[in-house]
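Just follow the structure's listing: the first ligand is 1, and inside any ligand the first atom is 1.
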Amino acid sequence: MEKKSKPPFYVTTPIYYVNDVPHIGHAYTTIIADALARFMKMDGREVFFLTGTDEHGQKVEKAAAEHGVDPRTWADRVVVRFFDLWKALDCEPDFFIRTTMELHEKGVQKMFRLLLDKGDIYKGEYKGWYCVSDENFLTDDVPASADGTKTCPDCGRKAQVVSEETYFFRLSAFQQRLLDHYRDHPRFVRPQSRMNEVASFVRGGLKDLSITRTTVKWGVPVPGDPAHTIYVWYDALHNYVTGIGYDRDPALFEKFWPATVHLIGKDILRFHAVFWPAFLLAAGLPLPECVFGHGWWLKDEAKMSKSKGNVLDPYVLLRAMGPDPLRYFLLREVPIGLDGNFSHEGFIHRVNSDLANDLGNLVSRALTMVRNYFQGTIPPPAPEEPDDAEIRKTFGEMKDRAVAHYESYALNKALEEIWSFITAVNKYLADKAPWKLAKDPALRPRLARVLHQAVAAIRGTAALIAPVMPGSAQKMWEFTGEPGRVRDVRFDTLRFEDLPAGRPMKEPEQLFPRVNLKEFLAEDAGTAKEKTMNEIPSPPERPAAPAVSEAPLITYDEFAKLDLRVAHVLEAVKVEGAKKLLKLKIDLGTEQRQIVAGVAESYAPEQLVGKKFIIIANLQPAVIRGVESQGMLLAAAAGGKAMIPFFEPDVPAGTKVK
Ligand code: MSP
């Protein structure tokens, strides 16, 4: 019988505001998404993982003004901190969307126009209390204080009365359709408690939404009425479709839309479970399968905020340990739906007990014995005794349960299952005491079996923890002599008994060093502050310009031989094994080409998608690192960095530059 293939999996995170650098709360959502994406691939599904940044609106405009730069310059600076952090945390999105990308802005305008034509968007007048910090009008149920003013219930800041001509979205018309959808899809919002919260909000009645501003300049212009810009939330929510090819790449869009899960913090549930589905219903697009509202990470039982000075810098927790302990801790400590309280003590305790003691010791003990007793070669599985069979069976059952938990996003439960297996293997080793068996040559087959079992357990565990701790899992996989990538394992074919005997294992190194709490806290208070990378980069210093006049003069005719054109970047990827190179697919109006450019140290691929710049179109093609380049882009070489001059989006691709 032919196996039914599993549906594609499309996971998103909220797109993060670039008014400030990322903190642990942002890291949390992105890590959940990354772990789910990695798991689903190993579960045999096609996966797309989208994250990005929310770059328009008053909040970003204000942060830029405070730093004396224009919003675009500001966003370009801050976005780098997000790229860097995701890399440092081993998070690998398939696409990083920025709402300032042309592909996004065009998609938003297209949807806006569509709804305007259908009558679901109309022009009117709005007056209400507005929170500048949260970019949100207060709902009518927020009470006024004694002096008649109102305070934002979310951030506690004073709201202002705003009155303006605006376009409305006819949200009121969607109340019944939303309620019907919730009824027919009881798992549309998870956890269940949040579904109830959303449904009762909608049952209470829906008012039309103001979705444009005349007071905010930094936003997507309303098509045909540029005095208005589109409200940042209306703009931002569309990233989930523009990031997957809406109006740009129909095949990609068809394959992955509707999203399988929008992961969000519980504070932005209404936007995702009420407004966004209503926009989609209006546009005639299918609704996402699930909106999952995760809990908050609190510090000392309080919400993190800059003013309280209790914001956790991910780099402080990453240092010395790398990303895996932090990924493990955040996913293991609390179920996704609940709030968690972060304490350094709790973090270090988990790292030491679960990682250094339970897993780290198992790996180092077992592999050291294989090295000492079998010259580092996996011993053969001599006859199986009942206790051996028990461990083998426990692995199979544990694998099924862990996979089921992963599939239902219960990452903490999947990890609990895996750790109870690790405990069982540790106990098995303690009971069998291979170090005693080694003393009696007659017991050598028994010793071989016990150690074979231990290595098989390590191999199986490596695969199962790979979604959460990709780097450590790969190391464990290699210790057992596996040549390939653990991420290429498929869970349905992973079997305890598939460890080949006679294979040389790799010399193990320490996986998780124990951390001393006192030293960690002392460092945290002192030098860690200096070690963080999580600061807004200052503008690069102006490099001394080399003398210009030394270049030999050329005639105009010589210059005119250059065919300079405006190129529009359609795709950008890194060139494998070349730190500096990106491979770009570009559009020249009448044709598409591929070029290789040495700009990877200055631009992440995502930063170039949608951008326009100059290329020399009649340069002899060349093969660079095995990849053909059919042109060359122009960039300034500033202090070892490449800086590309970009065109405004409205210059058509292929335009001649002279
Ligand atoms: N830009 C909007 C989202 C638009 S999505 C179309 C936004 N950005 S945000 O940067 O302020 O927050 C992004 C996410 O981070 C939210 O889901 C929020 O809940 C989450 N977190 C911010 N602080 C958090 C914690 N302390 N703990 C967990 N998540 C928290 O909202």
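Of all non-hydrogen atoms in Asn341 and Glu301, the two that sit nearest each other are OD1-N, 2.7 Å.
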Sub-3.5 Å pairs, protein N or O with ligand 1 N or O:
| unit_1 | atom_1 | unit_2 | atom_2 | d |
| --- | --- | --- | --- | --- |
| ligand 1 | 1 (N) | Ile15 | O | 2.9 |
| ligand 1 | 1 (N) | Asp54 | OD2 | 2.7 |
| ligand 1 | 10 (O) | Tyr17 | N | 3.2 |
| ligand 1 | 10 (O) | His26 | NE2 | 3.4 |
| ligand 1 | 17 (O) | Gly265 | N | 2.8 |
| ligand 1 | 19 (O) | Asp267 | OD1 | 2.4 |
| ligand 1 | 19 (O) | Asp267 | OD2 | 3.3 |
| ligand 1 | 26 (N) | Trp297 | O | 3.0 |
| ligand 1 | 27 (N) | Trp297 | N | 2.9 |

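Side-chain atoms of His405 and Asn412 form no donor-acceptor pair, as typed in the model, at a separation below 3.5 Å.
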Side-chain donor-acceptor distances from residues 265-284 under 3.5 Å, at least two apart:
| unit_1 | atom_1 | unit_2 | atom_2 | d |
| --- | --- | --- | --- | --- |
| Lys266 | NZ | Asp339 | OD1 | 3.0 |
| Lys266 | NZ | Asp339 | OD2 | 3.0 |
| Asp267 | OD1 | Trp296 | NE1 | 3.3 |
| His272 | ND1 | Ile268 | O | 2.9 |
| His272 | NE2 | Tyr240 | OH | 2.7 |
| Trp276 | NE1 | His262 | NE2 | 3.2 |

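Remark: Lys217 pairs with no residue by the side-chain hydrogen bond (donor to acceptor under 3.5 Å, both in side chains) rule, at least two apart or across chains. Lys127 pairs by the salt bridge (charged side-chain N to carboxylate O under 4.0 Å, His left out) definition with nothing, not counting sequence neighbours.
For Arg213 (side chain) and Tyr231 (main-chain N/O), no donor-acceptor pair under 3.5 Å exists by modelled atom type.
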